[in-house]
> 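Below: one structure in structure tokens.
Lettering of chains follows the sequences in order, A, B, ..., and the numbering in each one begins at 1. FYI, side chains are in, hydrogens and waters are out, and symmetry mates aren't considered; it's all heavy atoms of this structure. Computed from a predicted structure; not experimentally measured.
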Protein chains: 2
Amino acid sequence: MVKKRVTITDIAHEMGVTPSTVSRALAGNTRVGSNTRQRVLKVAAQMGYQPNVLASSLRSGRSDTIGMVVPRINRHFFSHVISGVEALLNPAGFNLLIIQTHEREEHERKAVHTLLRNRVAGIIISHSVETKGFSHYQMVIDEGVPLVQFDRVTEQIVGARIVNDNFLGALRSTQHLIKNGCKRIAHFAGALHVNVYQERLDGYRYALEKAGIEYDPSLVVENCIIQEAGQEAVARIVLPKKVDGIFAASDLSALGAIQKLKELNKAIPGDVKISGFANEPFAEMVEPTLTSVEQNAFEMGNQVAKAVIESIGKDEPVSEEIHIPVRLIQRRSSGSDALLMNSVV
Amino acid sequence: MVKKRVTITDIAHEMGVTPSTVSRALAGNTRVGSNTRQRVLKVAAQMGYQPNVLASSLRSGRSDTIGMVVPRINRHFFSHVISGVEALLNPAGFNLLIIQTHEREEHERKAVHTLLRNRVAGIIISHSVETKGFSHYQMVIDEGVPLVQFDRVTEQIVGARIVNDNFLGALRSTQHLIKNGCKRIAHFAGALHVNVYQERLDGYRYALEKAGIEYDPSLVVENCIIQEAGQEAVARIVLPKKVDGIFAASDLSALGAIQKLKELNKAIPGDVKISGFANEPFAEMVEPTLTSVEQNAFEMGNQVAKAVIESIGKDEPVSEEIHIPVRLIQRRSSGSDALLMNSVV
DNA sequence: CTGTTAGCGCGTTCAA
DNA sequence: TTGAACGCGCTAACAG
């Protein structure tokens, strides 16, 4: 037995006024008798009235829902960004419609359409690894929906971009290895068409250059961001090439390397020094503890939310890029012990 | 410069037919000339038409959005449940509106109202720790919105409940400690008004009972689920009471205990054997590796999604309770080494 | 098979 | 300050 939902018309009938009056009273700021407003509010409350935001949005053309597209929700980094976004968006009266792409370009395309169909007030996105074309964002631009990219971004799309300082993180990380005595440093990279991995490679190269170490492309392992890839790279590159340091673009591949090296009775940091990226929770639990670059995912989420809220209402998108500072956390895998070094941007 | 969104009326004008015809063609299953349908689809595509689901839902009374309320998105367990839910819901044509409560009862109440206002087709919820009253769900029931609870549930609300087999997990875990020689086993419990923690306590007690070990309430530490609480409990209970085994309702408090015990030069598992709950990723990284009860969060999400989809369309809610099997993962902290024991339900 | 009509619930004119 | 009327975009009933 389903009770009918109560509408402003029901309230109006109950009180002997018109729906317009009720609507105005509920809206708050429009002109209506202050005693009538009180009565409306009281009757609405006791009738259990819940405004129909669908009808409201349809009529007003405004929506309080913001869409968010992420590769995967169940990743430490992304779930924390989401959390940071929500922390600011909810108090501001917005809700989050979240869609995962599972790193598939086609899913990303569909997700954007879904959000458009839901008439979201804005779209937040971090691109999937697969995504190389961005034509499906033309419609977002055309319809004037604010678009904020974070972490994995492209300059091919106008609008705000919130990114980690990948270059600086990589630079500091590699410099740290050099300072601790590494001469032949390998880099476990990701897919280089993705900005974050390209930037980390750039930072790595720049550190070598500044230290006068020649860049050796054969020491760069592409698509090496998962655990298994890290393990595999040890046998294929690290040992044969007599590598004494690894800067991994991902904590997972760094972990894989640690496991494999321990298995082969290599000493860490004695024989090989290692640093990762992202400062996953396990970094301080693994043996030896893993030096890593900390990303402030929650803060990134906050900035993303701020950017969306600012974009809404503005006519023209602003293509500003905001860098979230990163921090090198030195641990034992690189020969340091519980020291903290703050990198300055 | 914002282009106007194209509507079915635009398409209709373009083609010289009525909006109804376009609507029917787009809907797919209703009677319409197959050649007209082709033309409509083509024109719609080339005009970049995106249906307005707000208008559609308002008119049809049906919504393809499902609301989900969780304590926190950025927790390993919850983010994986969400992922599991999405995995089934998206292919079925539903979207997820996610709201966090941050463990606050008031936020939970607001979240439910927000979802109701958004006219979601169903609501999925795991209650906040604070939540003790459930009166705000009466409106959900009254409006006939299917309600599925998971993990943290209450029987005070009708509808499907998807839960872990906390009792069995606790039972097996405690039995395992007993089998490995523990005589005085402490239990790090959570807030006992929350079903999951009460059930884990019950399983612990039942294991003791079956083994003929007297239950000692002073060995139960309430609200001991975070790292610091685990550390603190070592000094306050574990050592003074000569405890030789700890069954923790949370991996985090188990971790805290490990840290503190190591700090005090106690041997694990030599002096104290420890097992946790949830099998967080760090469980296999910490030293010694942590025995824990694995919850299949993704599978739970799948079951939740299934239950919601089934509930939608049904007139009356069914109060079925589904148990997701758990598995004891034996590791070194309890004196076992890389063994697996599957618990049978 | 297609057009006509009506209305989902709300917000915003224009009058009074 | 309030009421009447209209329409956001779409679906659904009823004709034809």
> With respect to the side chain of Ile8(A), which nucleotide from dG3(C), dC10(C), dC8(D) is positioned closest?
dC10(C)

> Examine dG11(C): is either OP1 or OP2 under 4.0 Å from a nitrogen or oxygen in the side chain of Ser60(A)? Give yes or no.
no

> Take a 6.0 Å sphere around CD of Glu155(A) and say whether it holds more than 12 heavy atoms from other residues, nucleotides or ligands.
no

> Just checking, is any N or O donor in the side chain of Thr21(A) or Thr18(A) under 3.5 Å from an acceptor N or O on the other one?
yes

> Of the nucleotides dC10(C), dC8(C), dC14(D), which one has an atom closest to the side chain of Arg24(B)?
dC14(D)

> Measure the distance from CG on Leu58(A) to C1' on dC6(D) and round it to the nearest whole Å.
13 Å

> Of the candidate nucleotides dG3(C), dT11(D), dG11(C), which contains the atom at the shortest distance from the side chain of Val17(B)?
dG3(C)

> From the set dC10(D), dT1(D), dT12(C), return the single nucleotide nearest to any side-chain atom of Thr36(A).
dT1(D)

> Once the angle between the rings of Phe134(A) and Tyr137(A) is folded into 0 to 90°, is it parallel (under 30°), tilted (30 to 60°) or perpendicular (over 60°)?
tilted

> For Thr18(B) and for Arg59(B), locate the closest nucleotide of DNA chain C by heavy-atom distance; then report the residue assigned to the nucleotide nearer the 5' terminus.
Thr18(B)

> Angle between the two end axes of the helix from dC1(C)-dG16(D) to dA16(C)-dT1(D), five base pairs per end, rounded to 10 degrees?
40°

> Given atom CG of Asn35(B) and atom P of dC1(C), what is their separation to the nearest angstrom?
9 Å

> Would you mind reading off the distance between Arg119(A) atom CZ and dC8(D) atom P, rounded to a whole angstrom?
14 Å

> Below 4.0 angstrom, which residues in residues 42-52 of chain A have at least one non-hydrogen atom near DNA chain C?
Tyr49(A), Pro51(A), Asn52(A)

> Would you find a donor on one side and an acceptor on the other, under 3.5 Å apart, between the side chain of Glu130(A) and the backbone of Glu105(A)?
yes

> What is the distance from CZ of Arg117(A) to C1' of dG9(D), rounded to the nearest Å?
15 Å

> What does Arg62(A) touch in the nucleic acid at a heavy-atom separation under 4.0 angstrom: a base, only the sugar-phosphate, or nothing?
sugar-phosphate

> Ser126(A) and side chain to side chain contact (heavy atoms under 4.5 Å, CB included): which single residue from Met68(A), Arg72(A), Arg152(A) fits?
Arg152(A)

> If I take atom CG in residue Asn118(B) and atom P in nucleotide dG9(C), what distance separates them, rounded to the nearest angstrom?
16 Å

> How would you label the contact of Ser20(B) with the nucleic acid (heavy atoms, under 4.0 Å): base, sugar-phosphate, or nothing?
base

> Would a distance-only check, ignoring hydrogens and angles, find a side-chain to backbone donor-acceptor pair under 3.5 Å from Ser311(B) to Ala307(B)?
yes

> Does atom NE2 of His13(A) have more than 12 heavy-atom neighbours from other groups under 6.0 Å away?
no

> Of the candidate nucleotides dT2(C), dC8(C), dC10(D), which contains the atom at the shortest distance from the side chain of Thr21(B)?
dT2(C)

> Evaluate salt bridge (Lys or Arg N to Asp or Glu O under 4.0 Å) for Arg75(B) paired with Glu103(B), printing each intermediate quantity in order.
CA-CA 12 Å; Arg75(B) 291 263 188 79; Glu103(B) 307 286 12; 3.6 Å; yes

> Rounded to the Å, how far apart are Arg5(B) CZ and dC10(D) C1'?
15 Å

> Looking at Ser56(B), does any N or O in its side chain come under 4.0 Å of the phosphate oxygens OP1/OP2 on dC10(D)?
no

> Test your reading of the model: is there a side-chain donor-acceptor pair from Gln50(A) to the backbone of Leu116(B), 3.5 Å cut-off?
no

> In whole angstroms, how far is the P atom of dG9(D) from the CG atom of Leu54(A)?
14 Å

> For a 4.5 angstrom cut-off between non-hydrogen side-chain atoms, does Asn296(B) reach Phe298(B)?
yes

